[in-house]
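Submitted below is the structure of interest, expressed as C-alpha cells.
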Amino acid sequence: MSKGSTPGHLARVGGFADDRLGAAGFLKRNMRKIFPDHWTFLLGEIPLYSFVILLLTGTFLTFFFKPGMEEIAYGGSYAPLKGVMMSEAYASSLDISFDVRGGLLMRQTHHWAALLFIGGMMIHMLRVFFNGAYRKPRELNWLIGVALLALALFEGLTGYSLLDDLLSGAGLRITAGVAQSLPVVGTWLTFFLVGGDYPGDDIISRFYSIHILLLPGILLALITAHLILTWVLKHTQMPGKGRTNDNVVGAPTYPSFMAKSGAYFMFTFGVVALLGTFAQINPVWLYGPYKPSDISAGSQPDFYLAFLDGSLRLMPAWEINFLGFTLPMSVIVPALAPLGIILLGLVLYPFAEQWITGDRREHNLVDRPRNNPHRTAIGMSAVTFYGVLWLMAATDVIAAFFHLSINMIIYVGRGLVFLGPALAYFVTYRICLGLQRRDADALGHGVETGVIKRRPTGEYIEVHVPPMESIEAQVRGKEPVPIVAGTDEDGDAVQAHNGEHHPLRRLRAMMSRAYGGEKVPLDGGDDHDGHGERDRAGRGEHNGHDGHDDGDGHDRREGRDRAGRAAVGPGTDENRPP
C-alpha cells in the first residue's frame, strides 16, 4: 500500500458518508483515534465477541426449540429414549441434537460461547481490578461491568434450565427452593418464576422469555453503554516510555486496531467453533428427562454457578423459628452471602479506596499489580474465596475419586473458606513487596548478566548492566499510593468541636496509613557497595534521547514515540492532538 493510499481511501469513505449523513468529521476524527497497545487490553474483547456468537447461534436455536412442558412420547431418532414420556422442551432439545442439520454443532457452540462469555468477563474484570483501571473517571463503567456480570450469571441459569433434562431440572429445583426460602419476597418471587408449586406448567416458557428477550436486551444495552464510555473516556494505558496521564500512545483505529480486532474476532470464533465441533458438552440425551424423584450422581452446575452450590454444601444445618415463622438460614446464608460479598464488594471498592486514600485525581495510567500490594492481595483473597466454594461443589466427586470421607472434605472446606483468603492475602502481599524490591534492585544495581569479572584486588564480581529503557520507564512509572493521614483534602487537621479528632476520621487515617504509602522506595542510584558493576557501554552517557531534543529533555518527533506509534498529547479535540 502506498503512503498516501490510506488517507485517500478514508477521504472517499468520509465523502460518501458526508454526502448522505453529514458524518465526515465524525468518521475522520474517530478513524484516527488512538488505542493503547498491550495484550491485556484484548481480554475485554473475548466476552464481547462471545456475546456476538451467542446472539448468532441463539437465533438459530430459537427456530427449532419448543418451550413447552406438555408431556409427550418421544419419537425421534435417538433409539434409547423412544417411547419415553418427556416434556416438549426436552424432546425438542433431542430433535435439535439429532434431527436438525447442524443442530448439535450450534447447541454445543452456543454452550461453549456462554462459558467463554462469563469466563472472559471475569478475567477482564480481574485485569481492570488489579490494574486499578476502575478509578476516576471510569467508576460508572466499572459499575456497568458489575451489572453485566450479575446479569450474565442469571442469563446462564435461565439458559441451561430450558432443556428440562435431569441435570438442569435438579439445579432448577435447588434454585426454586432457594428463592422460596427468602423472607418476605420468597413466595412472590417463586410465583413469578414458577407460576405456582414447582415445577408447575409455566417455568420453561417464562424462563424462555427471560432468556431470549428480557436479559439479552438489557445485556445489549449495557454492553453498548460500556463501549461508548470506553470510547469517550479513552482507554487506560500501561506505564512506560513516553506515557503519561495526559496522552495516549498506541495505534490508530484504522487500519491498525480494526485489523487487529477483526483478526481477534475470527480467532475467538474459530476457537469456539472447534470446541463446539470436537469437545462434547452437556450431552442431555445421557441424562434423561427430568423427574422430581430422580437425581443423577455427581451432578454439578456450570462453573460460574458452582460456587453457590459449594456454599450450600458447606453450610451447617441452621434455622430460626420466630413468631410462627421459620427462617432456613442454612439456605438463605449460602444463597445470599457469597454472591452478596463478591458483587457488593465490587460495587463499593472504587469508592472505598477513594475514601481511604483521598485520591480523587483522574487516572489514565494504570498500576502494575505489585505497586499496590494491598489491592492485589484483596483481589487474590476474593479469588481464593470463590475458588474454595467452587471446589466444594464437587465434594461427592472428590470423595468418590480419592476414596475420602465426604464429611472430612466438608470440614476441611469450612476451614478453608476462612483460612484460604487470609493465607492468600498474606502470600500475595509478600510477593508484591518482593517484586518491588527486585525492581528497586534492578534500578539501583543493574541487571545481572552472568558475566564474571575479576578485579585487580583478586575479587570476583558479576557484571551488571542498566535495564532496558522501556523496562526502566515502566518501573519508574510507579507512584506511591496516596495517604490521608488524618488531614482533609486541603491538608488541614480534621477535628471535632471538642478539639479531638473525629473517630471516623481517625479510622480513615489509620486505614490510609496501612493501605497507602511507599512500601519499597525505588533506588535509582548506581551500585557502589560491591554487589555488582554497572556497565554503561550499552547505553552511553547521554540524555537518553536518540531523537531531536527540544531543550527541555522531551523527545518531539512529529508526535511519534521511538516505536513509530502515534502519541497523542493533550488538546481540546477528542483525540487530543499534540
S168: partners by side-chain hydrogen bond (donor to acceptor under 3.5 Å, both in side chains), with sequence neighbours left out: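 So S168 forms a side-chain hydrogen bond (donor to acceptor under 3.5 Å, both in side chains) with D165.
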Donor-acceptor pair, side chain of T428 and main chain of Y425, under 3.5 angstrom: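 The answer is no, because no donor-acceptor pair under 3.5 Å joins these two groups.
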Any donor-acceptor pair under 3.5 Å from D367 side chain to N372 backbone: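 No.
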Residues in salt bridge (Lys or Arg N to Asp or Glu O under 4.0 Å) contact with R107, at least two apart in sequence or another chain: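 Here no residue qualifies.
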For W112 against V272, the heavy-atom pair lying closest together: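 So the two residues come closest at CB-CG1, 4.4 Å.
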Value rounded to 0.5 Å, distance of CG in L162 from CG in L61: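 Rounded to the nearest 0.5 Å, the CG-CG separation comes to 10.5 Å.
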Nearest heavy atoms of P301 and D309, plus distance in Å: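 Shortest heavy-atom separation between P301 and D309 comes out as CD-OD2, 3.4 Å.
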Parallel, tilted or perpendicular: rings of F51 and F117 (30°, 60°):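 F117 vs F51 ring planes: tilted.
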Listed partners of K66 passing salt bridge (Lys or Arg N to Asp or Glu O under 4.0 Å), at least two apart: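 By the salt bridge (Lys or Arg N to Asp or Glu O under 4.0 Å) rule, K66 matches no residue at all.
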Under 3.5 Å: donor-acceptor pair, side chain of S205, backbone of D202: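 Present.
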Residues that I174 engages under side-chain contact (heavy atoms from CB on, under 4.5 Å), provided they are two or more places apart: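 Only V178, L312 meet the side-chain contact (heavy atoms from CB on, under 4.5 Å) criterion with I174.
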Evaluation steps, side chain to side chain contact (heavy atoms under 4.5 Å, CB included), between E362 and N245: CA-CA 8 Å; E362 287 194 6; N245 262 318; over 6 Å; no
Expected output: side-chain W142 to main-chain L346 donor-acceptor under 3.5 Å: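 Flag set: sc W142 to bb L346 pair under 3.5 Å.
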M468 and E472: CA distance, side-chain angles, deciding distance, side chain to side chain contact (heavy atoms under 4.5 Å, CB included) verdict: CA-CA 6 Å; M468 295 173 58; E472 182 175 355; over 6 Å; no
Euclidean distance, N247 CG relative to I34 CD1, rounded to 0.5 Å: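 I34 atom CD1 to N247 atom CG measures 10.5 Å (nearest 0.5 Å).
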For L105 against T109, the heavy-atom pair lying closest together: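 For L105 and T109, the tightest heavy-atom pair comes out as O-OG1, 2.7 Å.
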Sidechain-backbone polar pair: T253 side chain, R32 backbone, donor-acceptor under 3.5 Å: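 No; zero donor-acceptor contacts below 3.5 Å.
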Distance-only polar pair, side chains of R135 and N364, donor-acceptor under 3.5 Å: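 Side-chain D/A pair, R135 to N364: absent.
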Pairwise distance CG(L104) to OG(S97) - rounded to 0.5 angstrom: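 Answer rounded to 0.5 Å: 5.0 Å.
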Backbone of P369 reached by a side-chain donor or acceptor of R375 within 3.5 Å: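 Checking the backbone N and O of P369 against the side chain of R375, no donor-acceptor pair under 3.5 Å is found.
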Under the ring-ring contact (aromatic ring centres under 6.0 Å, His included) test, residues paired with Y429 that sit two or more places apart: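 H374.
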Separation of I204 CD1 from S161 OG (nearest 0.5 Å):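 Going from OG on S161 over to CD1 on I204, the span is 7.0 Å.
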Ring geometry between F207 and F154 (parallel below 30°, tilted from 30 to 60°, perpendicular above 60°):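 Judged by the thresholds at 30° and 60°, the geometry between F154 and F207 is perpendicular.
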ring-ring contact (aromatic ring centres under 6.0 Å, His included) partners for H363, two or more places apart: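 If we apply the ring-ring contact (aromatic ring centres under 6.0 Å, His included) test to H363, skipping adjacent residues, there are no hits.
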Exercise: identify the closest heavy-atom pair between L222 and A147: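 Reported closest heavy-atom pair: CD1-CB, 4.1 Å.
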N/O donor-acceptor pair under 3.5 Å between Q237 side chain and T244 backbone: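 At least one qualifying donor-acceptor pair exists.
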With D164 via side-chain hydrogen bond (donor to acceptor under 3.5 Å, both in side chains) - residues at least two apart: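 Counting only residues at least two positions away or on another chain, D164 forms a side-chain hydrogen bond (donor to acceptor under 3.5 Å, both in side chains) with S87.
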Minimal non-hydrogen separation, P216 against E155, with atom names: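 Closest pair (atom of P216, atom of E155, distance): CG-OE2, 3.5 Å.
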Stepwise side chain to side chain contact (heavy atoms under 4.5 Å, CB included) test for T376 and R370: CA-CA 7 Å; T376 305; R370 68 186 67 181; over 6 Å; no
Residue pairs fulfilling side chain to side chain donor-acceptor pair (under 3.5 Å) with at least one residue in residues 341-352, sequence neighbours excluded: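 Sorted pair list: Y349-Y515.
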Pairing residues for T190 by the side-chain contact (heavy atoms from CB on, under 4.5 Å) criterion, not counting sequence neighbours: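 T190 satisfies side-chain contact (heavy atoms from CB on, under 4.5 Å) with A179, Q180, V194 only.
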More than 12 heavy atoms from other groups under 6.0 Å of CZ on F192: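 No, because the 6.0 Å sphere around CZ of F192 holds 12 heavy atoms or fewer from other groups.
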Shortest non-hydrogen separation from D37 to K260 and the atoms involved: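 Shortest heavy-atom contact: OD1-NZ, 3.1 Å.
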Donor-acceptor side-chain pairing of Q436 and K478 below 3.5 angstrom: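 Yes, because at least one side-chain N or O of Q436 sits under 3.5 Å from a partner of the opposite role on K478.
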Point-to-point distance, once rounded to the nearest 0.5 Å, from OH of Y264 to CZ of F269: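 The distance works out to 16.0 Å.
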Working for side chain to side chain contact (heavy atoms under 4.5 Å, CB included), residues Y304 and M122: CA-CA 9 Å; Y304 49 87; M122 291 179 175; 4.1 Å; yes
Qualifying residues under ring-ring contact (aromatic ring centres under 6.0 Å, His included), relative to F265, sequence neighbours excluded: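 ring-ring contact (aromatic ring centres under 6.0 Å, His included) list for F265, sorted by chain: Y49.
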Residues R368 and D439 bridged, charged N to O under 4.0 Å: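 D439 and R368: salt-bridged.
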More than 12 heavy atoms of other groups within 6.0 Å of F98 CZ: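 Yes - once you tally the heavy atoms of other residues, nucleotides and ligands closer than 6.0 Å, there are more than 12.
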Partner of F65 under ring-ring contact (aromatic ring centres under 6.0 Å, His included), chosen from Y208, Y90, F60: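 With F65 as partner, ring-ring contact (aromatic ring centres under 6.0 Å, His included) holds for just one option, Y208.
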With K136 via salt bridge (Lys or Arg N to Asp or Glu O under 4.0 Å) - residues at least two apart: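 Expected list: none.
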Test salt bridge (Lys or Arg N to Asp or Glu O under 4.0 Å) applied to R361 - qualifying residues, sequence neighbours left out: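 In terms of salt bridge (Lys or Arg N to Asp or Glu O under 4.0 Å), with neighbours along the sequence ignored, R361 is linked to D359, E479.
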Nearest-0.5 Å distance, CG of residue L148 to CD1 of residue I218: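 With rounding to 0.5 Å, CG (L148) is 10.5 Å from CD1 (I218).
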